[in-house]
Amino acid sequence: MAANLPLLQLPSISTPSLHSKLHSKRLNLTTTSTSPAKLKGTSRYSTITCSSSNGRGPDSTDDSVKSVERILEEKKRAELAARIASGEFTVEQSGFLPQLRNGLIKLGVPTEILEFLSKWNNAGEEQLAIPLAKGAISAIRSQAFFIPLYELYLTYGGIFRLTFGPKSFLIVSDPSIAKRILRENSKAYSKGILAEILEFVMGKGLIPADGEIWRVRRRAIVPALHQKYVAAMISLFGQATDRLCEKLDAAASDGEDVEMESLFSRLTLDIIGKALFNYDFDSLTNDTGIVEAVYTVLREAEDRSVAPIPVWNIPIWKDISPRQRKVTVALKLINDTLNNLIAICKRMVEQEELQFHEEYMNDQDPSILHFLLASGDDVSSKQLRDDLMTMLIAGHETSAAVLTWTFYLLSKEPSVMSKLQNEVDSVIGDRFPTIDDMKKLKYTTRVINESLRLYPQPPVLIRRSLEDDVLGKYPIKKDEDIFISLWNLHRCPNHWVDAEKFNPERWPLDGPNPNETNQNFSYLPFGGGPRKCIGDMFALFETVVAVAMLVRRFNFQIALGAPPVEMTTGATIHTTEGLKMTVTRRTKPPIIPKLEMPALKVDGDSSITKQQSPAVTASVSISQEDQQLGQKGQVSSAHS
Ligand code: HEM
């Protein structure tokens, strides 16, 4: 019997639902915002992708189990929708006029009169009020927190305020507002609570740092990701993935199912350790103390990012809580290891005779740390450690999550999988991928682009306003905490056709690599503006190589009896109980010799090769913002 996955259903746009109608009314009275549901005027239940079969043929037992699951999920969604409709998340405006309006609605006064009243009221107000929702922490904590934010977005629109007791956040899901915060007026925003939460592990590293420290460090680090470095990384990605293939091969022989999420986490840890400081965690083979320490710290960072109360700030907490004591020990081990690696690398640099230049790279140790030390980067060991630790976290869990959700999505769409396998067979066959293949693996790249759309890592970006600003038509004050929901932007039913469908074909093969610029901030998997990810091309190539090498050798299916694949979140989107898969070796089609010509291609689909016209732009380009910082041609941007 096929394993079944739960169905997450969100009320959005097509069969009218009571709650959205109710809310359209409520919003007309209290705000001037336009919600996506209102824009389309209709409403439907849309399916978010944790759903349906595992790609095997349906049977009737599956169907009935699925319908029970569907009913249960619909019930869950309907309950949340009803809570929104009941006003649990809505703060009624106080004052005479709103109360009068509420009284008039109850008396059945026509909408036109109410709207006139509303305009009259707004005309007297100095500022437009941002649509307001309030919630119980439990509503957010019972599931991945970005899911109820999507629900609220469909009701309240592209910017609304969410309050939990004394805490208040602005939730942004509007591309032009995201652009304003991230690019046009980025100087007016800091990393806010994110910097506070991550301080214990990243210190003043590139992700939490703001102001001058950030500017100086970004200018020092970005050139390390130059073209020659990224090309060298392609073979590192290949070697690491090959080790994973060996593991999977053994599992296939033994008929054992594998938990792919943890394997991907180990794969990307091994890669980033070598790429950053030439250290082989070898976590795919060993569970050493340092690997465990990295995971302890990572889990702590993720837990802190969703914890309602910062208990770790209580002074004696870290001494009395066993968990915090474990974190302190883990942090010390990592810091000692990093200090040691920095010292070893310093000695290597002192002894080498290589002249530093723009595309400097030591072939024995091509790491970013080596580049930074050789560049004469005038920085304290503490700052260097903070930066390395930041990149270790930034470049590890994100890529692992992308691979996890890509394989989940592929297991649901056998037709995408076979198209992907055809491309990989025809482009790389049995050899290791090279940098030149990155331009040719167009469909593979589109699969990653689409996976990043449906499962952005992280699903929200965090900012705090440093000064007053205007977002859309709403003035905001200094010190606002803001969540920019990439999840909502990437699934906006008004912007995307079949927003919930995993459809790599939505990105033309001969078009540019999709990014925030050419998608006008509706798609920003690597962020945008001056704080855009510096590892975007690294990560894109890493995931393309891993996917290509894995699917050319194996088929992947959700394992029989596997737990449902549901989402939970820390900094990135995790599964609640892993991604358990059955891996089988691919049997390639038989070779049919041709008499006239020797068979050059043993398998693969030449038609795909023919269709492929110019570039998936694995381009070496630099962002507008990094140019302003005076950066040279590093491979760190998908900007086209
Ligand atoms: C698929 C993998 C990855 C994804 C989806 C991803 C995503 C992102 C996003 C969305 C941001 C912007 C955060 C914000 O604006 O608040 C970011 C920033 C950053 N990423 Fe990545 N990233 C990935 C891989 C990497 C890798 C491999 C590295 C390191 C080599 C890296 C290093 C960084 C750094 C240092 C920043 C902060 C940049 C700054 O603030 O100036 N990322 N990443």
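One-based numbering, in listed order, for ligands and for the atoms of each.
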(message) I want to confirm something. Looking only at heavy atoms, which of L276, L540, I207, L182 is nearest to atom 37 (C) of ligand 1?
(response) I207
(request) Any atoms of ligand 1 less than 4.0 Å from a non-hydrogen atom of V402? List them with their elements. (result) 1 (C)
(message) Only heavy atoms of P525, strictly under 4.0 Å: list the atoms of ligand 1 that pass.
(response) 5 (C), 7 (C), 10 (C)
(request) Verify the distance criterion only: is there a donor paired with an acceptor across the side chains of D436 and T434 at less than 3.5 Å? (result) no
(request) Look at atom NZ of K478 and say whether more than 12 heavy atoms of other residues, nucleotides or ligands are closer to it than 6.0 Å. (result) no
(request) Tell me which protein heavy atom sits closest to atom 15 (O) of ligand 1, plus the residue, atom name and distance to 0.1 Å. (result) R463 NH2, 2.8 Å
(message) Which residue and atom name correspond to the protein heavy atom nearest atom 20 (N) of ligand 1, and how close is it?
(response) C533 SG, 3.2 Å
(request) Around atom 26 (C) of ligand 1, find the nearest protein heavy atom and jot down its residue, atom name and distance. (result) G395 CA, 3.4 Å
(request) Please check if any side-chain donor atom of D174 sits under 3.5 Å from a side-chain acceptor atom of S176, or the reverse. (result) yes
(request) Check ligand 1 against K191 and write out every atom of the ligand that is under 4.0 Å from a heavy-atom position of the residue. (result) 14 (C), 16 (O), 40 (O)
(request) Can you sort out which atoms of ligand 1 are near Q457, meaning under 4.0 Å from one of its heavy atoms? (result) 4 (C), 5 (C), 6 (C), 7 (C)
(message) Could you check whether R304 makes a cation-pi contact with F200, meaning its NZ or CZ is under 6.0 Å from the centre of the six-membered ring and within 45° of the ring axis?
(response) yes
(request) On the 0 to 90° scale, with breaks at 30° and 60°, tag the F538-F237 ring pair as parallel, tilted or perpendicular. (result) perpendicular
(message) Could you tell me if R446 sits above the aromatic ring of F502, with its cationic atom closer than 6.0 Å to the ring centre and no more than 45 degrees from the axis?
(response) no
(message) Is there a polar contact, in the sense of an N or O pair closer than 3.5 Å, between R531 and ligand 1?
(response) yes
(request) Please confirm whether the backbone N or O of V447 pairs with a side-chain atom of S451, one donor and one acceptor, at under 3.5 Å? (result) no
(message) Please list the nearest protein heavy atom to atom 4 (C) of ligand 1 with its residue and the distance rounded to 0.1 Å.
(response) F526 CE2, 3.4 Å
(request) Among all protein heavy atoms, pick the one closest to atom 23 (C) of ligand 1 and tell me residue, atom and distance. (result) T398 OG1, 3.5 Å
(request) Do me a favour and list the nearest non-hydrogen protein atom to atom 2 (C) of ligand 1 with residue, atom name and distance? (result) A539 CB, 3.3 Å
(message) List ligand 1 atoms under 4.0 Å from L461, heavy atoms only on the residue side.
(response) 10 (C), 13 (C), 14 (C), 15 (O), 16 (O)
(request) Taking only heavy atoms of R218 into account, list the atoms of ligand 1 that are under 4.0 Å away from them. (result) 38 (C), 39 (C), 41 (O)
(message) Only heavy atoms of G527, strictly under 4.0 Å: list the atoms of ligand 1 that pass.
(response) 10 (C)
(message) To the nearest 0.5 Å, what is the distance between CD1 on I334 and CG on L388?
(response) 12.0 Å
(request) Considering only non-hydrogen protein atoms, determine which one is nearest to atom 32 (C) of ligand 1 and report residue, atom name and distance to 0.1 Å. (result) A394 CB, 3.6 Å
(message) Does any N or O of ligand 1 fall below 3.5 Å from an N or O anywhere on W214, backbone included?
(response) yes
(message) Only heavy atoms of F538, strictly under 4.0 Å: list the atoms of ligand 1 that pass.
(response) 27 (C)
(request) Please check if atom CD in E505 has more than 12 non-hydrogen atoms from other residues, nucleotides or ligands closer than 6.0 Å. (result) yes
(message) Is the distance between the ring centroids of F371 and F356 under 6.0 Å?
(response) yes
(message) Is it the case that the side chain of R453 and the backbone of H490 share a donor-acceptor pair, with hydrogens and angles ignored and the cut-off at 3.5 Å?
(response) yes
